[in-house]
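Chain naming here is simple, since letters A, B, ... match the order of the sequence lines and numbering starts at 1 in each.
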Amino acid sequence: MTSFGRYTSAETVGYSFSQPTSAPNKEHSFYPYTDNGGSTLGISGSDFAILAGDTRSVAGYNINSRYVPKVFKIGGDDESGDGAHILLSVVGFAADGQALKERLDAVVKMYKYQHGKPMSVRACAQRLSTILYQKRFFPYYVHAILAGLDEEGKGALYSYDPVGSYEREQCRAAGSAASLIMPFLDNQVNFKNQYIPGSGEGHALEPKKAEPLPRETVEQLVRDAFTSAVERHIEVGDGLQMMVITKSGIEEIYSPLKKD
Amino acid sequence: MVGKDCVAIACDLRLGMQALTVSNNFPKIFNYAPSTYLGLTGLATDVATVSDLLRYKVNMYRLREERNIAPQTLANLVSSTLYEKRFGPFFVSPVLGGINQTTGKPFICGFDSIGCIDFAKDFIVSGTASEQLFGTCEGLWEPDLSPEDLFETISQALLSAVDRDALSGWGAQVYIIEKDKVTQRLLKGRQD
Amino acid sequence: MEHFPEAWGRPRNDIYGPYDHSYLQTTGPKAHTQSPAVTGTSVIGVKFNGGVAIASDNLASYGSLARFTDVKRLRVFGDSAIVGFGGDVSDMQHIDRLLNSIDIRENYSSDGNLLNAKNLHTYLSKVFYKRRSEFNPLWNHILVAGFDGDGKPFLSSADLLGTTFSAPHLATGFGAHLAIPILRRLFPEDTPLENISKEQAVEALRECIKVLWYRDARSLDKFSIATVTKDGIEVKEDEKVEAQSWAFAETIRGYGAQVN
């Protein structure tokens, strides 16, 4: 009978089937991202924009495939992408990139069906930012670049961070070799650190003005940037996919890169 | 960076403690013979220690041998000096550039912090902006540049690279080394 | 006398301290797969003239234990697609159930099952991506073999993160390290498919399975091999690795019969 008083409340008796417990929340060890490597690059001109990316897909030191495109047509009529007037490149986690591309593609299509006119690049750029920011606390792990022609027919290029910060730029490199390519682009596209010879002494020396480059020059710069990146970055290689958007449509150019 | 019968070596002038800039006039290139230069990036105290230690060793070499040290010899001296501290290394990654006075041939090489030599035919980069430098050098460099073109190439490569690195910049110093002439130039660059 | 029957047969609280119920918890976080339990190893696949060949061994391991030695990891879907599963076997069976229900639904529809391998791969990769986004992944890496919408041979992969990629030859798990180099040597990546016969492809896969049996500790000498062609699917599920030669092991210390 002495034990009687000890078990007066369910708390001390402990029904195994209803006992509330407070085990500490277990840490999830599953990591939902991977880095599929590669690099992308976009440059805009006066009446065109170029988006390019290498076609290698990696997982660690393994090459998954030598041909996985990173540049996509957005808002095309069918799977072939015909009729599209916007380009998107995504680099980082390929599955997120694929999902993001498909969402933006659907948005641009719906816009056309609902408004009876194609979505402007400016509107699409803002929408992409919103899509990325909606997943602010479980981001699409990608660096996106959007390209097209603006209302005046000039090349338009927008670059994004994974959570939707964006900016219109003349040129942008993204992905694993971005730090190799970007300073080269500063120098060769925006003529950073270049001055007009004989224009003055010391501080009076006049900086070389950045002007939109002709298409041939830009294409060659893209090739040079990638062949350089291939030499020094193991995740970049296999193939170069270039998409050129002009008022007459989108042209896709594929050329091989070193496969080592 | 190697050109036709010439070598260029260049560095930025910033000294910082992480994000804080401590000095904007801290050259990282040291002269060890009339046509042999060594650039040191990394921990500033080790930059000073290693450069002084090598100064001492090179002076002793010159007294004993009664001749200047060749770049190849200096490379091996640097390597063995660094490897002596294999398990408590100097936090530096040197770059060596020079012309061998006997052969008249350009010579460059780089090292990791424990003395592994990286012989290269084209260029060597090191420091916090090394990725950016790899990109610009690989994009701008071509074989057999004349001293003037080599100066332009190395300057553009360095300035563009350090402008994309928050921890480098504040002007630059460039040495163009020819067989019997060395030109030193100071580049202003961005001051931010 | 202890009057509370729920306390009978239990450690006495006054002696052993309050009973720890945490292992019986019914609330708290929902448990998800954090790591695979019973697993299958490599699946390997290669395209050939007019179809695709795919193979995997019949083992399901529990850690280092060879737990089930007669598990069929190639699953036939419809009359022109095969899915090969690597990774968790229970998740494989879950996906198998999904595929069964789709197959039944499709067969009841008025125009029969029209889903080709490409559609199937798209579906499965989205299942994987959805589950990883819920932090409740299906722990598999799969290969899908068959034909695309244009009737061309199709071989593609999808994994637990929703990452997808395609190549002329693919392998999961250890196969990516051991089988891919063999397949690449036999059929260099620029070889036109017309130059690879079905017999060559099947023979190559048998050879790869043999190498995996030699060197992958979690593999088996019993395997399944299947081909998809226009004439239909051919599956053999009780194959055995033949013409084994362990001569190479003689020279390896700790592998062969050396004493010291």
For atom [atom1] of [X], decide whether the heavy atoms of other residues, nucleotides or ligands shown that lie under 6.0 angstrom number more than 12.
X: Lys259(A); atom1: NZ; value: yes
X: Arg55(B); atom1: CZ; value: yes
X: Gln191(B); atom1: CD; value: yes
X: Glu66(B); atom1: CD; value: no
X: Tyr254(A); atom1: OH; value: yes
X: Tyr141(A); atom1: OH; value: no

Considering non-hydrogen atoms only, spot the tightest contact between [X] and [Y] and give its length.
X: Ser160(B); Y: Lys192(A); answer: OG-O, 4.2 Å
X: Phe184(A); Y: Thr136(B); answer: N-CG2, 3.8 Å
X: Asn193(A); Y: Gln156(B); answer: O-NE2, 3.0 Å

Atom CZ in Arg232(A), atom OG in Ser130(B): separation rounded to 0.5 Å?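 Between atom CZ of Arg232(A) and atom OG of Ser130(B) there are 10.5 Å.
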
Mind checking the CE-CD spacing from Met182(A) to Gln132(B)? Nearest 0.5 Å is all I need.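 Reported value, rounded in 0.5 Å steps: 11.5 Å.
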
Short question: side chain of Glu138(B), backbone of Ala229(A) - any donor-acceptor pair under 3.5 Å?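 Flag not set: sc Glu138(B) to bb Ala229(A) has no pair under 3.5 Å.
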
Quick one: what part of Gln188(A) sits under 4.5 Å from any heavy atom of chain B, side chain, backbone, both or neither?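 Contact with chain B involves the side chain of Gln188(A) alone.
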
Salt-bridged, Arg164(B) to Asp186(A), with N to O below 4.0 Å?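 Asp186(A) and Arg164(B): salt-bridged.
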
